[in-house]
Engineer: 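Below is one structure. I have some questions about it.
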Amino acid sequence: MGVEAYMAVAGVLFALGIVCIISRRNILYVLMGVEMILNAANINFVAFNRYGNGGMEGRMFAIFVIILAAAEAAIALAIVLNVFHLFQSVRPSEADILRD
Amino acid sequence: MNTLTAFDYKLLLAVPLIPLCGYVIQIFFGRNLPRKGDWLLTGGMFVVMCITVYMFFSKALGHEGTLPFWNESAATEGGPVFRWLYDSSAVSSDRNLVAGILYDGLGATMLMVVGVVSFLVHLFATGYMHGDRRYHIFFANISLFTFAMLGLVLSDNILFLFVFWELMGLMSYLLIGHFSHDPTSSRIKFAAAACKKAFLTTRVGDTCLFFGMAMFYFLLPREYNELVGQGLIEGDTVLSSFRFSELWQMTGAIVEAHGGDYPAWMTVAGLFTFGGTVGKSAQFPLHIWLPDAMEGPTPVSAMIHAATMVAAGVYLLGRMFPMMSPTTLQFVMAIGGITAIFAATIGCTVNDIKGVLAYSTISQLGFMVAAIGTGGLGIVAGLFHMVTHAFFKACLFLSAGSVIHGCHHEQDMRKMGGLRKMMPITFAAMLVCTLAIAGMPLFAGYYSKDRIIASAIESVLTQWRGGNVFVMVVLPLAAMLTTFYMFRLIFMTFFGEYRGGHDDHGHGAHGHDDHAGHDAHAGHDGHGHDHDGHHGHAHTPHESPTNMAIPLIVLGLLGVFGGHMWLTGDPLSDYGTWFTKLVRWEDMYVLPDGTSLQLLKMNMLEVSEHNHHVGHIWAVGVSLTVLVLGVLAAWWMYISKRQDSEAGSGDTAALFPIPAQVTGKLGLVYEAVRDKYYIDEFVNATVIRGTMVAARVQSWIDSNIVDGLVVGTGKTARGFGFLCGWVDKHIVDGAVNWVGNTTQAFSSVVRLFQTGRIQQYISFAVGGALLVAAFHILT
Amino acid sequence: MDPKLQQSVFYAVLALAVVAAIGGGLITHGAEGLAFGLFASFTLGGSLMCIWERSVVRSAFSLMATFMGVAGLFVLLGHDFLAMAQVLIYVGGILALLLFGVMLTPPDLTERKLTRVGGAIVFVFGGAGLVWNHVQSATRSLAVLPPEELAEATTQDRAIGLAFLHPEQYVVAFELAAFLLTVALVAAVYIARRRTEDFEPEEAA
């Protein structure tokens, strides 16, 4: 298996993450989509690390991405709860006061 | 040359840090701690006292007394020295700021004194301040003060000394004004005024000290480097420095290069530096704050205004002594002499028990300053007196506090009397320390005071100068007055019959001297918060509790043996005293290279053996004579003709007929002394009134001239503004509006995309990314 | 179309695609291909199900398949430590957080619109397909070794640990990450907390 196979999987996963973000009308899906996108990026990091010249960088970046994802998930969940508290809805289209 | 071990450094660093930590804990949690946290700070101070005493004895006795111990080598041996702005290459930088610990004989002695007195005062305060509503704040403040004082003693540079000096000033301010926060106190306004006065008056001296410090910092290295450039000093150029050792070294080299003369600017700088002493140690023109400072709680008076803070001025003189030119020293000596005699005379007329002690403190500080001014061994005598005085004056203040506490916050001596039987411990402590301050042989004060008078006589024998003669005449007189007023205090307070409790509201109805000690002192019955515990025996004085008695006993013992501690051999041979070995002139000023400063020929009198001998014999005779005279006078006036039958009448003139006759004969002179030579009035009329007048003049200038200018400018500006306004409205606004309208027209189109929905935004982003990618592919 | 029928069609297509992927991998690359096909199917199938499913609970659980699949890909790539971290953090932590989010928000089974999902897929994948060629040609220039020259994939946990703490490598980033996690934790609590006034009873007007 070459690096292209992993890249393909990562690319499709990335695209599916975007689809998840923009197609569903529940703010939790935005969260899930973001996790998919981060996972796609991680696959790329690790794949290039494996097929590259044997350094550590890709792996370390993947670890930090996971760490950031954990932090992001905690904050995002708090934001979701707050949005729900504020708008009494979990639809992202309801939270459009940014327009004004 | 022995140095301190690393463990010793840690101990020394712990010494100021313990009260600092105590302060931090106390200020945040003190209110909630059991007993409001006093045990914590007192326990901490006990540790500090143990460390300082241990360090003192292990270092002072463990080695030959002639060996100084010092830490300057710590800079090279990795001791706790902090380099802030330091550049080892003298070429590229001329600033040098290194802070460390200087622990030499003088510092060790002072540190021990401060540690012991602070602990005892803390202990005393647990009894004296009991029931105060700001009890925990009091302990926090006094602890921070202790930190500042210990830090000042340990500083090896004048900048840090100054920092701690200012911190002490602040804490003095807060502690004097302690009762000004107590709405139940009748003295609230007086306390507030007193702390303000103390702060502002010492600030004058502090400013002087700052100038002096800056002059030494900038000018000493400049002069040194110039002389190096001319080849008059061998060696390299140096950096500016605040460190004592480097200042001493530069001064020594400069004076040597000038053939033993001091440059003229050093006289000026020395006078400025002495200004700090004048402020802090309450010397003649700036002494006015100290009597008023007695508004503070008595433990504060004992610690700050008798033993430690006011002694810091003398300590500063000791540290800066090599930089003092002979001219400066003459001035120092004159000021000290004036202060000594003049405060002693006032002390004879004051009726407030703490007021007497306050003027006594000023007078004794004058003794020390004058002794340092005489040069020669006088500096050792002055510093020695500082140590012994700290013990016995702290004891006297604490005894006075005990009396005040026992008499339910009565401070007027005319309402005391006969307390000898009711308060035996207090009486014993006070008597012992009175004997010490009076210079009774074998008591602590004798050795130091005798040495000071001997120095004065030696200076006259060596150099017949007006200042020397003045001091030689004045100091024995002041010593006699000291004996007189201290025994007057004892006789009025402890002998005869108790005169309090008869007329609760009677003051003001007395005879000739009812104004003495007028505003600040009479009837300190204000902070009535601890009266609850005394209702059962409200009208009879009582002995103080154990925690107040212990400090009295310890300090009383120190008042007796504090002088003997310094003796090694023949008590009459001052060269054999332990103190002169510990604080030896030859070893007091140790330079960075480990040698000691040789200034003996420059600003010290060289006293011949003969003159020394003569001076010493005379001093013994003179001090014994004045002692006897003083006691006899006090006896004659206050004991021999006392009319005990009048004790209940409240009529002081009838009770003590002789003082009434004497003061009657003195007339105007007495009134002048009683009213403190009108110095407060003079200051009011000149400085304060002058400041007010100047302020009014400036106010007039401000409101008429400056304001006129400002208003004129404003009107011009307004006219210009109208013009601008027109241009703005018709030309600029037109352009702006056009831009705005155009933008609005465009934005109404763009606005269609701004839905505020993040999902749409993401879609746009993806679309944009795809467009960019497509563009790359296609091109 | 009937929802049940939709569901059946979707899963049938998905199953076919999975079988095709696994079979294709087995045929072209043997055992490794089989494993890759399996994990890739887990990954992509999970995310497809996530998008497809009406119930947000199901979506969240199908995301678990994605995370496990990615972990499997990491194992295939020889990074077992990362795989373990992936399982622990994503499945154990983030997914649990998401489920809490699901529990704390009301269900809404009507929000999914097939037209919307389909439109998004066409939009994204259509565009992505356009650029795929270009991306492939771009990766040619990357320093990628052919599979036969690869070093043996070994466990490198120790190297990772050392790299984290080596002062010249990642220690600063490591400490920053620790700090960031702490801050994130505190911030999450701060943002999500209920104000005290929320609990105060409404005053009877």
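Here is how names work: the chains are called A, B, and so on, in the same order as the sequence lines, proteins then strands, and each is numbered from 1.
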Engineer: Which bit of C:V102 comes within less than 4.5 Å of chain A, counting heavy atoms only: side chain, backbone, both or neither?
Structural biologist: both
Engineer: For A:L13, is it the side chain, the backbone, both, or neither that has a heavy atom closer than 4.5 Å to a heavy atom of chain C?
Structural biologist: both
Engineer: Against chain A, label C:I89 side chain, backbone, both or neither, depending on which of its atoms sit under 4.5 Å from a heavy atom there.
Structural biologist: side chain
Engineer: Would you mind checking which part of A:L77 comes under 4.5 Å of any heavy atom in chain C, side chain (CB onward), backbone (N, CA, C, O), both or neither?
Structural biologist: side chain
Engineer: Hey, which of A:I27, A:V46, A:V9, A:I43 has the most heavy atom pairs under 4.5 Å with chain C?
Structural biologist: A:V46
Engineer: With a 4.5 Å cut-off on side-chain heavy atoms, are A:E35 and C:F67 touching?
Structural biologist: yes
Engineer: In Å and rounded to the nearest 0.5 Å, what is the OH to OG distance from A:Y29 to A:S23?
Structural biologist: 9.0 Å
Engineer: Is it the backbone or the side chain of C:L95 that comes under 4.5 Å from a heavy atom of chain A, or both, or neither?
Structural biologist: neither
Engineer: Chain A heavy atoms under 4.5 Å from C:T43: which part of the residue, side chain, backbone, both or neither?
Structural biologist: both
Engineer: Once you measure the plane-to-plane angle for C:F10 and C:W52, does it fall in the parallel (<30°), tilted (30-60°) or perpendicular (>60°) bin?
Structural biologist: parallel
Engineer: Counting heavy-atom pairs under 4.5 Å to chain C, which of A:M36, A:E72, A:M60 comes out on top?
Structural biologist: A:M60
Engineer: Non-hydrogen atoms of chain A under 4.5 Å away: do they reach the side chain of C:L63, the backbone, both or neither?
Structural biologist: side chain
Engineer: For the candidates C:T105, C:V56, C:L185, C:L181, which exhibits the highest count of non-hydrogen atom pairs separated by less than 4.5 Å from chain A?
Structural biologist: C:V56
Engineer: Taking atom CZ of A:F14 as the centre, does the number of heavy atoms from other residues, nucleotides or ligands within less than 6.0 Å exceed 12?
Structural biologist: no
Engineer: Could you go through the ring-ring contact (aromatic ring centres under 6.0 Å, His included) check for C:F36 and A:Y6 one step at a time?
Structural biologist: CA-CA 9 Å; C:F36 179 83; A:Y6 291 95; 4.9 Å; yes
Engineer: Taking C-beta and beyond as the side chain, do C:M64 and C:Y90 meet within less than 4.5 Å on heavy atoms?
Structural biologist: no
Engineer: As an exercise: rank C:S47, C:G93, C:G101 by heavy-atom pairs under 4.5 Å with chain A and give me the winner.
Structural biologist: C:S47
Engineer: For a 4.5 angstrom cut-off between non-hydrogen side-chain atoms, does C:L180 reach A:L68?
Structural biologist: yes
Engineer: For C:F39, is it the side chain, the backbone, both or neither that has a heavy atom under 4.5 Å from a heavy atom of chain A?
Structural biologist: neither
Engineer: Measure A:A76 against the heavy atoms of chain C and call it side chain, backbone, both or neither at under 4.5 Å.
Structural biologist: neither
Engineer: Checking heavy atoms, do the side chain of C:A178, its backbone, both or neither come under 4.5 Å from chain A?
Structural biologist: neither
Engineer: Is C:H79 close to C:Q86 at the side-chain level, that is, under 4.5 Å between some pair of heavy atoms?
Structural biologist: no
Engineer: To the nearest 0.5 Å, how far apart are CZ in C:F74 and CG in A:N42?
Structural biologist: 4.5 Å
